[in-house]
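Please see the structure below; I have some questions.
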Amino acid sequence: MIWSNEESLSRSELEKIQVEKLKDTVAHVYQNVEFFRNKMQNLNVRPEDVKTLDDLKKLPFSTKEDLRVNYPFGLFAVPENKVVRLHASSGTTGKPTVVGYTQKDIDNWSELIARIVTMAGATVDDKVQIAFKYGLFTGAFGLHYGLEKAGICVIPTSSGNTEKQLMLMKDFGTTILVSTPSYALHMGEIAHSLGIDPKTDLKIRLGLFGGEGSSEATREKIQKVWGMLATENYGLSELIGPGVAGECTHLNGMHISEDFFLPEIINPKTGEVLPPGEKGELVITTLNKEALPLIRYRTRDITRLFYEPCSCGRTTVRMEKISGRSDDMLIVKGVNLFPTQVEEVLSKFDALGPHYEIVIEKHNYLDSLEIKVELNEDLSIDSYQEFERLEQNIKHELRVVLGLEPKLNIVNPRTLQRFEGKAKRVYDLR
Amino acid sequence: MIIKQLTVFLENKSGRLSEVTRVLGENGINISALSIADTSEYGLLRLIVSDGAKATELLKKNGFSVNLTDVICLNVKHEPGTLHDAIKTLSDAGIDIEYMYAYAVGDNAAVIMKVSDAKEAIYILTQNNIDLLKSHEIK
Ligand SMILES: [Zn+2]
């Protein structure tokens with residue numbers, strides 16, 4: 001089922017809507033947000049210069065830093081008494097970024113969520129457990145109201161207290177799980193330790209995952225452990241929260257609600273707009289936001305866009321799974337490299353542990369790339385031929401995925417450094 | 001008559017081998033037989049020890065990647081032709097030898113073999129009066 005007509009318009013019908021909304025948005029920010037007005041004036045662009053979608057590239061970019069500098073309400077385009085909800089995302093340093101919603105923004109948010117849950121296959125017969133943390137984060141509340149709008153029963157368990165989550169899941173007959181992918185894996189482990197097999201003892205059939213990027217290997221693992229269809233959705237609190245894009249049951253990229261979000265792909269180093277199908281940083285202009293409209297917002301997420309209509313019947317553009325953050329991008333021998341690509345390859349090999357390091361050095365003006373990875377403590381091989389085959393297979397996969405020929409160094413378990421928080425994987429010694 | 005052999009992965013780092021012997025020595029585990037296959041980069045250490053399960057656990061705890069495999073150990077007379085007879089018996093029975101290593105003590109030689117089917121190999125060899133050693137007999 002397709003929730004809204006806007007998801008299956010022809011390209012020309014859709015672009016007509018986008019142009020009108022783009023003009024409105026530009027006029028709205030020019031009139032009401034001093035920050036954007038100044039930026040546009042500096043570039044000598046006036047709202048009436050934006051007549052087509054192509055004119056988008058005349059407009060200035062905006063960034064998360066801009067939100068921080070204008071903390072808390074400096075980028076709001078409506079009077080404060082029109083704002084009915086505030087959310088904030090934690091900054092790793094200093095002040096959080098604050099986002100606001102008018103009542104219309106909240107209603108639109110629910111509409112967007114109703115679209116993505118419907119495309120993932122949720123129906124009124126389902127019961128959804130929301131294991132996102134309720135609070136300042138946008139995740140839980142966004143899904144909550146959107147699911148209700150779609151007529152689906154919501155169980156707002158929030159995150160944590162996994163044993164109780166599992167008990168309710170069993171007793172209530174929950175059929176859908178909303179959480180981060182890593183929490184779904186953790187929950188699966190706890191279930192097994194309690195003697196519950198999620199596949200047979202629980203009724204979960206569908207996962208709506210977001211809040212963090214994840215690999216195909218993680219998806220496969222979740223599907224295997226839970227016996228569910230694991231779908232992914234995408235959003236950023238700055239843009240609205242979850243609901244920007246979501247996967248349909250074909251799991252073939254995430255459909256962006258293009259009548260609300262106008263996407264571009266740029267080269268993160270130069271800001272140049274790249275043609276469809278090329279990989280680069282996702283930039284989004286919001287087309288329907290009242291409280292916090294953003295022009296050409298740099299998401300820092302690296303992806304690719306596909307404009308071919310999907311076999312599900314939707315015509316909206318699809319974005320590939322996020323393959324990294326533009327801040328994490330490395331350039332080795334002129335090739336763009338993301339640590340997540342390396343992780344994706346290594347995670348396919350059962351013989352390897354989860355810890356790895358990427359070391360880049362310069363020898364005689366040439367870049368050299370080395371990947372160190374730990375073996376699992378359970379050695380699956382017993383002869384040299386087997387070991388060489390494993391080594392060749394890993395090297396081959398790396399070559400195919402990275403387009404580079406790294407030196408591979410397989411090391412003993414527990415020899416690479418461990419980190420309490422976010423792991424340091426990259427050592428760029430150039 | 002099945003014997004548990006440990007295969008331990010060694011990065012070609014000096015000290016790695018002595019680390020293995022230290023861990024085992026300090027915990028009172030005897031090494032009865034040992035062989036190393038190595039290239040310029042990595043090494044695979046094969047060990048027969050007095051307590052395979054305990055040694056595996058200890059080595060894993062100390063950061064080694066360990067595999068526990070079933071092998072057999074033939075006891076042949078230290079004379080020309082005896083090893084050939086044993087190998088022929090196995091190959092006639094369609095059993096592949098993946099690798100082997102041997103050591104001679106006095107009149108006899110112990111030959112450790114990884115074969116495609118250990119149980120079948122034990123049966124065939126015993127039928128042909130070729131002597132096999134049990135774990136505790138390897139010294
Ligand atoms: Zn689709």
Side-chain angles (χ1 to χ4, degrees), chain A residues 342 345-359 361 363 368-399 405-420 423-425 427, chain B residues 2-20 22-23 34-48 52-72 96-101 112-118:
Chain A
V342 174
V345 171
L346 299 179
S347 66
K348 285 186 200 160
F349 293 91
D350 291 338
L352 304 176
H355 296 276
Y356 66 95
E357 286 175 5
I358 298 169
V359 185
E361 290 176 282
H363 295 297
S368 75
L369 173 66
E370 180 185 6
I371 292 166
K372 289 186 193 174
V373 60
E374 284 180 7
L375 264 185
N376 242 329
E377 57 175 27
D378 288 308
L379 189 62
S380 50
I381 46 183
D382 166 52
S383 75
Y384 231 80
Q385 289 79 350
E386 287 174 295
F387 191 79
E388 269 177 359
R389 212 174 308 135
L390 171 70
E391 219 185 350
Q392 289 314 319
N393 289 344
I394 300 169
K395 279 186 176 168
H396 173 78
E397 279 289 307
L398 286 168
R399 198 159 50 226
E405 205 135 346
K407 181 174 183 291
L408 179 66
N409 192 355
I410 299 178
V411 300
N412 274 49
R414 299 184 217 193
T415 45
L416 300 178
Q417 207 184 330
R418 298 293 194 266
F419 299 88
E420 295 266 312
K424 181 172 166 63
R425 305 290 197 199
Y427 296 84
Chain B
I2 284 183
I3 290 160
K4 294 287 179 192
Q5 172 197 263
L6 272 65
T7 306
V8 185
F9 173 79
L10 300 175
E11 299 165 50
N12 213 6
K13 257 184 174 174
S14 55
R16 276 286 167 198
L17 178 58
S18 66
E19 177 74 7
V20 173
R22 184 189 64 77
V23 169
L34 174 156
S35 107
I36 298 184
D38 68 354
T39 67
S40 57
E41 286 178 70
Y42 309 109
L44 283 177
L45 174 66
R46 297 191 179 115
L47 295 167
I48 310 280
K54 189 177 165 199
T56 304
E57 194 192 319
L58 280 166
L59 289 171
K60 282 184 183 176
K61 234 181 242 168
N62 282 276
F64 287 96
S65 190
V66 189
N67 172 302
L68 206 54
T69 322
D70 289 346
V71 294
I72 55 172
D96 294 326
I97 300 170
E98 292 175 26
Y99 55 79
M100 56 189 255
Y101 48 103
I112 294 157
M113 281 183 182
K114 167 82 187 288
V115 292
S116 52
D117 185 340

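Just so you know, these numbers use all the heavy atoms, side chains as well, and skip hydrogens, waters and symmetry mates. Letters A, B, ... are given to chains in the order of the sequence lines, protein chains preceding strands, and every chain is numbered from 1. Computed from a prediction, not measured in an experiment: that's the story for all the values here.
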Part of Asn376(A) within contact of chain B (heavy atom distance under 4.5 Å): backbone
Side chain / backbone / both / neither for Ile410(A) at chain B, heavy atoms under 4.5 Å: both
Aromatic plane relationship, Tyr384(A) with Phe387(A) - under 30° parallel, 30 to 60° tilted, over 60° perpendicular: tilted
CZ-CD distance between Arg425(A) and Glu357(A), expressed to the nearest 0.5 angstrom: 8.5 Å
Proximal component of Phe9(B), with respect to chain A [non-hydrogen, under 4.5 Å]: both
Nearest-0.5 Å distance that lies between atom CZ in Arg16(B) and atom CG in Asn412(A): 4.0 Å
Ion pair Arg22(B)/Glu19(B), N-O distance below 4.0 Å: yes
Residue, of Glu374(A), Glu377(A), Arg414(A), that accumulates the most heavy atom pairs under 4.5 Å with chain B: Glu377(A)
Under 4.5 Å from a heavy atom of chain B, the part of Glu391(A) involved: side chain
Spatial distance of atom CZ (Phe64(B)) from atom CG (Leu379(A)) [nearest 0.5 Å]: 12.5 Å
